[in-house]
Novice: 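Handing you this structure, nothing more for now.
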Amino acid sequence: MIDPKLLRSDPAGVAANLARRGFSFDADAFSKLDAERKALQVEVEALRKQRNDSAKQIGQAKARGEDPAPLLAAVQNLGDSLDTASQRLDSAQAELSALVEGMPNLLYDDVPDGPDESANVEIRRNGEPATFAFEPRDHVEIGEALRGIDFEAAAGISGSRFSVLRGGVARLQRALIQFMLDLHTNEHGYEEVYVPYLVEPHAMHGTGQLPKFAADSFRTDGERELYLIPTAEVPVTNLARGAILDAADLPLKFVAHTPCFRSEAGSYGRDTRGMIRQHQFEKVEMVQLVMPEDSADALESLTGHAETVLKRLELPYRVVTLASGDVGFSAAKTYDLEVWLPGQSAYREISSCSNFTSFQARRMQARFRRRDGEKPELVHTLNGSGLAAGRCLVAVLENFQSADGTVAIPDALRPYLGGQSALKPQSSA
RNA sequence: GGAGAGAUGGCUGAGUGGUCGAAAGCGCUCCCCUGCUAAGGGAGUAUACGUUAAUAGCGUAUCGAGGGUUCGAAUCCCUCUCUCUCCGCCA
């Protein structure tokens with residue numbers, strides 16, 4: 001949520017910023033609606049005062065043993081007019097908050113302008129895409145040869161966009177996750193957390209997935225309205241919901257491994273082959289809660305933490321700054337890490353690192369206090385994948401393949417696989 | 001799954017439908033007195049929103065949440081949530 005005070009004081013400036021996203025904010029309509037709301041609020045409060053005063057007088061009259069009847073008569077119609085006015089106030093407030101909650105975060109000035117991902121700006125690369133003496137296969141072929149990925153079995157159980165992993169490949173994914181968690185906790189100062197995979201609507205609302213993007217997530221069908229988390233960002237960031245933290249405790253840095261569930265509505269036909277775009281995938285997520293003045297630097301270091309994973313795994317990648325039209329709803333600025341996939345001869349997103357400034361914190365009232373007695377301020381929240389384990393598995397399979405179908409294990413992972421140095425193809429039974 | 005108890009300000013804990021935003025104690029802040037391994041006295045001590053130059057006043061709301069009854073609800077009624085205890089069942 002954008003600061004309502006800023007919306008009132010500089011609606012034109014907000015509109016100009018959001019226009020860079022291609023989001024149109026009607027500043028005049030907002031100001032008019034807000035003025036209406038104010039007038040109604042003043043009216044309602046005046047009526048309430050009248051009612052409170054009368055009630056008080058009635059009480060006093062009764063205490064003195066006087067007949068309260070004339071006073072009662074005087075307030076007879078007050079209730080009705082109060083009801084009417086407060087109903088109008090409620091609907092004005094509902095309209096206003098729907099408007100404000102539907103507005104994306106303000107962009108940082110250094111976000112490059114552009115309508116979509118084609119305008120994203122590459123800022124650095126690491127590693128060289130390997131050249132193969134043969135036609136590199138994609139992970140689907142590699143996985144089948146290893147008898148390690150079974151899409152047919154998954155389809156039989158859950159339909160399209162699911163996968164079953166077996167044997168060494170399943171273990172390789174687990175090793176990746178372990179490696180990432182150990183790296184972030186031991187070397188980058190994150191605290192590992194284990195969190196619920198089903199969350200209530202208010203948690204989804206806090207991080208910005210609701211109300212606007214309900215269709216992107218899976219919702220349970222039972223008596224309780226629960227959502228399968230689309231990312232660990234939701235439960236982990238919500239750890240600070242309603243909190244008033246001590247400045248001395250900041251920054252808070254959490255890392256969690258969770259499965260992620262996405263409905264992928266509207267992505268029909270995209271990445272239908274393989275495990276690039278699934279309804280369920282594993283991800284290690286980093287979340288930081290920091291003081292406002294530190295969030296810009298924190299985004300750089302958080303992105304660096306994600307990059308370290310790729311460096312240690314010897315995977316070629318590049319970092320891009322998302323263009324204004326491609327930045328997500330809640331973010332003020334986002335870097336994507338894109339890993340090289342030989343099977344596609346393309347860089348593909350494997351991590352997304354964002355600074356949400358106070359946008360999520362305001363929604364979930366996550367605050368901190370600089371000193372005793374001072375007013376609490378909103379924290380800034382950030383998160384980034386560190387990394388998407390499913391896509392990382394794809395990247396390892398494709399980048400470390402050899403002509404005979406063997407896949408070498410990156411050195412960094414071998415301790416997690418009992419020293420194993422390669423996955424060998426299996427002859428089909 | 002069954003049975004019961006509870007939820008009040010930073011904490012503990014009162015509260016009869018009527019000056020209750022809420023007693024008292026603790027804690028904290030300031031002042032006074034006093035003077036030194038102290039004690040005593042006094043005042044103050046929630047948050048949000050509106051109004052405003054104002055973190056001054058004033059107003060409104062908030063006693064787990066949401067409804068209802070009433071001129072008036074912390075107090076009565078309904079629904080829900082959470083916490084605790086016991087039993088059962090499990091990982």
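Protein chains get the first letters and strands the later ones, always in sequence-line order, with residue 1 at the start of each. When reading the values below, keep in mind they use all heavy atoms of this one structure, side chains included, and skip hydrogens, waters and symmetry mates.
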Novice: Across all strands shown, which nucleotide pairs with B/rA91 by Watson-Crick or G-U wobble geometry, both distances under 3.5 Å?
Specialist: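 For B/rA91, the partner nucleotide comes out as none, under the 3.5 Å rule.
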Novice: With sequence neighbours excluded, tell me which residues meet side chain to side chain donor-acceptor pair (under 3.5 Å) with A/N17.
Specialist: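 In terms of side chain to side chain donor-acceptor pair (under 3.5 Å), with neighbours along the sequence ignored, A/N17 is linked to no residue.
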Novice: Can you tell me the pairing partner of B/rC86 across any strand shown, Watson-Crick or G-U wobble, with both distances under 3.5 angstrom?
Specialist: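 Base-paired to B/rG2.
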Novice: For B/rG67 versus B/rG2, give the span between their C1' atoms, rounded off to a whole number of Å.
Specialist: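 After rounding to an integer number of Å, I get 29 Å for this pair.
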Novice: Rounded to the Å, how far apart are A/L71 CG and B/rG18 C1'?
Specialist: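 My rounded result for the distance is 13 Å.
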Novice: When the P atoms of B/rG42 and B/rU8 are considered, how many whole Å apart are they?
Specialist: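 The answer is 30 Å between these two P atoms.
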Novice: State, yes or no, whether a side-chain contact exists between A/L387 and A/K283 at a heavy-atom distance under 4.5 Å.
Specialist: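 No, side chains not in contact.
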Novice: Sort out the partner of B/rU51 for me: Watson-Crick or G-U wobble, both distances under 3.5 Å, none otherwise.
Specialist: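 WC or wobble partner is B/rG57.
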Novice: Whole-Å distance between B/rU47 P and A/E377 CD?
Specialist: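 After rounding, the reported distance stands at 15 Å.
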Novice: Pick the P atom in B/rU60 and in B/rA73, then give their distance to the nearest Å.
Specialist: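 Between the two P atoms, the distance is 13 Å.
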Novice: Distance-only, no hydrogens or angles: does the A/K212 side chain make a donor-acceptor pair with backbone N or O of A/G102 under 3.5 Å?
Specialist: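 Yes; judged by distance alone, with no hydrogens or angles, the pair exists.
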Novice: Considering only the P atoms, how many Å lie between B/rG17 and B/rC77, rounded to the nearest integer?
Specialist: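 Their P atoms lie roughly 11 Å apart.
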Novice: Measuring only the P atom in each nucleotide, how far is B/rU12 from B/rC84? A whole number of Å is fine.
Specialist: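 My reading of the P atoms in B/rU12 and B/rC84 gives 15 Å.
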Novice: In whole angstrom, give me the gap between the P atoms of B/rA5 and B/rC28.
Specialist: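 These two P atoms come out 38 Å apart once rounded.
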Novice: In Watson-Crick or G-U wobble terms, both distances under 3.5 Å, what is the partner of B/rG17?
Specialist: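 WC or wobble partner does not exist here.
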Novice: For the pair A/S352 (side chain) and A/D336 (backbone), establish whether a donor and an acceptor sit closer than 3.5 Å, ignoring hydrogens and angles.
Specialist: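 A pair under 3.5 Å: no.
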Novice: Does B/rG27 have a Watson-Crick or wobble mate here (both distances under 3.5 Å), and if so which one?
Specialist: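 Partner of B/rG27: B/rU45.
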Novice: Keeping the roles fixed (side chain from A/T220, backbone from A/L226), state whether a donor-acceptor pair exists under 3.5 Å.
Specialist: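 Here the side-chain-to-backbone pair exists.
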Novice: Please give the distance between the P atoms of B/rG15 and B/rA7 as a whole number of Å.
Specialist: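 It works out to 11 Å between them.
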Novice: Give me the distance, rounded to whole Å, that separates B/rG41 from B/rA14 when you measure between the P atoms they each carry.
Specialist: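 Per the computed distance, 25 Å lies between those P atoms.
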Novice: Does the ring centre of A/F359 sit less than 6.0 Å away from the ring centre of A/F329?
Specialist: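 Yes - the distance between ring centres of A/F329 and A/F359 falls below the 6.0 Å cut-off.
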Novice: Given atom NZ of A/K38 and atom C1' of B/rA48, what is their separation to the nearest angstrom?
Specialist: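 That distance rounds to 16 Å.
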Novice: Indicate for each nucleotide in nucleotides 57-84 of chain B, in 5' to 3' sequence, whether protein heavy atoms under 4.0 Å reach the base (B), only the sugar-phosphate (S), or nothing (-).
Specialist: --BBS---------BS------------
Novice: Charged N to carboxylate O under 4.0 angstrom, A/D411 versus A/R414?
Specialist: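 Result for this pair is yes, salt bridge flagged.
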Novice: Want to settle it: does A/Q60 or A/R8 sit nearer the 5' end of RNA chain B, counting the closest nucleotide to each?
Specialist: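 Its nucleotide being nearer the 5' end, the pick is A/Q60.
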Novice: Considering every strand shown, what is the Watson-Crick or G-U wobble mate of B/rG64 when both distances are under 3.5 Å?
Specialist: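 For B/rG64, the partner nucleotide comes out as B/rC80, under the 3.5 Å rule.
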Novice: Does the pair A/K32/A/D28 count as a salt bridge with the N-to-O cut at 4.0 Å?
Specialist: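 So A/K32 does not pair with A/D28 through a salt bridge.
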Novice: For B/rG40, give the paired nucleotide (Watson-Crick: N1-N3 plus N6-O4 or O6-N4; G-U: N1-O2 and O6-N3; both under 3.5 Å), or none.
Specialist: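 Its partner is B/rC32.
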